[in-house]
S.K.: 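One structure follows; several queries about it will come next.
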Amino acid sequence: MSDYRKTLNLPATSFPMQAGLRVSEPLRVAWWQERRTYARRLERNRTAGPWILHDGPPYANGELHMGHFLNMVLKDVFVKIALLDGKWAEFVPGWDMHGLPIELETLKHLGIADFHAVDPLELRARCRERAIYWFERQRDVRMRMGTFGEYDRPYRTIDPQYEAVIVDAIADLVERDQIYRGLRATLWCIHDETALAEAEIEYENKTSPSIYVRFPLSSYQRAALEERLSSSGRVRADEPASILIWTTTPWTLPGNAAIALRPDAEYALYDLGDERVLVAQALAERVLGERYATATCLASVTGEQLEDLHASHPLYDHDTVIVLADYVDLETGTGAVHTAPGHGADDFETGMRYKLPILSPVDAAGRFTAEAGQYAGLPVFDANARIIGDLRARGMLWRAEDIEHSYPHCWRCHHPVIFRATAQWFISMERNDLRARALAAVDTVAYTPQWGRERQRQMIERHPEWCISRQRTWGTPIPALRCMQCERSILDARVARAAAQRFRSAGADAWWSDGVERYLPAGFACPACGGTRFEQERNIVDIWFESGVTHLAVLGRDGLSWPCDAVLEGADQYRGWFRSSLVTATAIRGAAPYKHVVKNGWVNDEQGRPMSKSRGTGIDAQEAMERYGADVLRLWAASVEFVDDVRFGPNVVEQVTRVYRNVRNRIRFMLGNLGDLPVDAIVPPERLGGLDALALAYAMQTFGEIASKYDAFDVHSAYLRTIAFESEMSALYFDAMKDPLYSRATGDPRRRRAQSVLLAALEGFLAAIAPVLSFTAEEAWQALPAHLRAGRDSVFDLSLVRVESSERTAQAWTLLRSLRARVSADGTLRDFEVAAEVMLSKEDRALLLDVFADDEHLREGLCEALVVSDVEVRDGVLTQVRNQRAHGEKCARCWKYRSLGTSAAHPDVCRECAAILDG
RNA sequence: GGGCCGUUAGCUCAGCUGGUUAGAGCGCAUGCUUGAUAAGCAUGAGGUCCCUGGUUCGAUCCCAGGACGGCCCA
């Protein structure tokens, strides 16, 4: 028997089975850059109109982790989908580069303990270097992921033009009277006499007094309470009654402005014989102790029903008011929380909500001021004992003891810190109906998932007055002035405009280096005292404000649309960037800056727990790409439901790697069979018939389905459809076409038709997967002979296929698949050993005649599709297949069973093969 | 402690408005193939649809409670 292998057209391609992504991907990134692949496609798409995904800026500090990878790759997937759809999908990546974390890292890097001791310009220069170091690092890693974007001109919050946008936005808000100066409770170190940020505190154990205090009710107040309790006559006017509170900071009692109750908790008034006390029912036993046994519960009511009632201050001659707060817990204390807005974060928010006075009778060194009356001059912690003594003397102390608890301390001097109210700049959520307008703007936006809208609404509803000033150095200055005559702080729009103008060319450092005159309009005088001498305030703006104006800096310019089409970030941004962007946009432009908010989930480890270096499950994006290759990880990003939290780890990657190899091999099969196809031999779709036409239609409608999944941001469904498709296509069409492709003569029309289908399917497939498997799709496209690429330099020059699905096509496909499976399931006869007897129901026969036109084509088509030597078609009640042994002998070349010996030169092959061998 | 989200085969996930022998891909087992070969084809095993109640003729799907996990807030 001769070896006819060499006479066959076996697959051949330069597209290797082994991917070697680690090596090839960085080269491909450079290749895309050199060829300006993205830029050129954008230029071609320019007239089609924009589709803009606006980048929420990552913070330029530290390595990018897998959460960044997921987020950045998904953004890229959406950009590329739009690009392949012919849209002008300009993507400008951005970075958040000011702020405390960088300042702290820089100080640590420089070994400097007290930032007051550093020249601000020097510190800013060092911070800039540090931020740029991380920016460059992150940019390179982000490009390594294979993402497209304007990396030559990203937006950066530290760039002069960007700083100018920030300051102009402040000017806009000042003009709209949206900004005011007010008090805010901040963490304060009385030892270092400085405000501290959240990141600058450490929790340590501390012993504090734990006291229960009576807030007495006057007769008038008791009457009001009685009304709410509907306990007519039971609260007697002549017996003392009080509300009990618990605190571990007695010194904050002078700052008390309210008592907070939990709205949904039950509060009860207990008669103890000689007095009556109101506490949360759930805590009564613990609070009342041994007196609980003899106490009588007179009435109970929810906290909500007690709102706005008054009580008397236990130390001073003034009232305090009952307010509601969700954070009041029923685990400790009395369920009635002493609220001092000047001395606590929660208290402050509550104070803002109820417009309570922000009392903070404490100076920078932690001593009571004259406002605190009899305690003036006392250090606050020393005052605790005095206050407890006074409470006892006035009969207001219910109980006192000491407890040890976790308490915030200064990270540098390790002294306990306090909350102290200081003057800050605020954006008002109420002026100009900003909150209401922001809520209205939410309703104009689409949310994925849909509950995101409700989440966003809540975040706006609960948005406290927005404190935008920080007493730090690494940021954009708030261009406020201080009158040197009356000490008043002044934020004037004209000054702000001048600052913006100045920063646009000189950068914000100018605020520190310029004299104040440069910013003063002609004839400027203090609106309060008429003074004319000023100095610059040294506050910088909250970085959430900086990132909240990215839409002003990036959108609406160079053809980018405002609002943008979509934003995509993690769920933490409902509170962060989604919110800050929405608030600034509503305040300044009167509308939401985006049309669609898409949220991506968190990346956890394989056990569903947060990834952590210490647990050994932490891996940053760069490491992961070095280990697995970006494309495998990009496929992972598509293989998980990104809207939910997702899992990542070696086993997950292992699995997706296998899927990747499948995809790769199916591409390889198509490429391998296209090497010899001349352009003029390509058969146009309308001249295809039978199995070819069916396979092509099936492929095209699948690509259409994938495209519509993409439209809905449903990358995961597109992924499922894609892998199901390549598996289907391989099992039926590729398998069936091996015989015609391999054993027919090179130029045989049957072979050319199959090749034409493969070419069209390959193009559509590569376009469909290119948004996700960018590297592999491009590699495959470059492995296709140049004449078949037809001038389309890159896979990103292709277009997504958009065709309607047809039910008949899917049905015919499924029918053929099941017929083929029934032949293959035969354990005794191999494919070509079979002569199949195919019985078809009436419906199935009609279905197949749609595909194969007539009985003769049907028979031939089934021979191919079932990969058997012969087929006999019969009518039946049910569709079934019976395998018979094929007549004739096995052709040594094409393996089909035929009568051999027709050619004397080649006695062991069939007539068709002999003809090919003879040329 | 509060709000939101999730829990379907070993893994990643489908299951539209309650009625299906609950599906796909990967993995696994078995068989075929050795002319896609560190590939290809077929078959098969594998699920108390997190738990407990309830509504219903009927619940993976609706309701209530709980467990576990995540995010945000405290």
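Protein chains get the first letters and strands the later ones, always in sequence-line order, with residue 1 at the start of each. Only heavy atoms go into these numbers, but all of them, side chains included; no hydrogens, no water, no symmetry mates.
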S.K.: Any protein N or O atoms within reach of nucleotides 43-46 of chain B? Criterion: under 3.5 Å, listing atom names and distances.
M.R.:
none

S.K.: On a plain distance test, is the side chain of A/Ser727 in donor-acceptor contact with the base of B/A24 below 3.5 Å?
M.R.: no
S.K.: Heavy atoms under 4.0 Å, any strand shown: does A/Asp735 hit a base, just sugar-phosphate, or nothing?
M.R.: sugar-phosphate
S.K.: Would you please confirm or rule out a distance under 4.0 Å between OP1 or OP2 of B/G3 and any side-chain N or O of A/Arg462?
M.R.: no
S.K.: For B/C41, take OP1 and OP2 only and decide whether either is under 4.0 Å from a side-chain N or O of A/Ser730.
M.R.: yes
S.K.: Within the pair A/Arg721 and B/A14, is there a side-chain N or O less than 4.0 Å away from OP1 or OP2?
M.R.: no
S.K.: Choose from B/C11, B/U33, B/C13 the nucleotide whose nearest atom is closest to any side-chain atom of A/Val652.
M.R.: B/C11
S.K.: With a cut-off of less than 4.0 Å, is there a side-chain N or O of A/Asn662 near OP1 or OP2 of B/G25?
M.R.: no
S.K.: If a pair means Watson-Crick or G-U wobble with both distances below 3.5 Å, what does RNA chain B look like in dot-bracket form, with | marking bases paired to a different strand?
M.R.: (((((((..((((.....[...)))).(((((.......))))).....(((((..]....)))))))))))).
S.K.: At less than 4.0 Å, is any side-chain N or O atom of A/Lys738 found next to OP1 or OP2 of B/A36? Yes or no.
M.R.: yes
S.K.: Kindly say if A/Tyr742 contacts the phosphate of B/A36, meaning a side-chain N or O under 4.0 Å from OP1 or OP2.
M.R.: yes
S.K.: Measure up the A/His716 and A/Tyr719 rings against each other and bin them: parallel (under 30°), tilted (30 to 60°), perpendicular (over 60°).
M.R.: parallel
S.K.: Name the closest nucleotide to the A/Phe669 side chain, picking from B/A36, B/G70, B/G2.
M.R.: B/A36
S.K.: So which nucleotide from B/A42, B/C72, B/G69 ends up closest to the side chain of A/Ala731?
M.R.: B/A42
S.K.: I want to check something: taking the side chain as every heavy atom from C-beta on, are A/Trp246 and A/Leu283 in contact at a cut-off of under 4.5 Å?
M.R.: no
S.K.: Taking the side chain as every heavy atom from C-beta outward, state whether A/Cys467 and A/Asp542 have any pair of such atoms under 4.5 Å apart.
M.R.: no
S.K.: Quick check: does any side chain N or O of A/Asn9 sit under 3.5 Å from a backbone N or O of A/Arg744, one acting as donor and the other as acceptor?
M.R.: yes
S.K.: Within residues 447-458 of chain A, find the residues that approach RNA chain B with a heavy atom at under 4.0 Å, and present them sorted by residue number.
M.R.: A/Trp451, A/Arg455, A/Gln458
S.K.: At less than 4.0 Å, is any side-chain N or O atom of A/Arg668 found next to OP1 or OP2 of B/A36? Yes or no.
M.R.: no
S.K.: With a 4.5 Å cut-off on side-chain heavy atoms, are A/Lys599 and A/Trp451 touching?
M.R.: yes
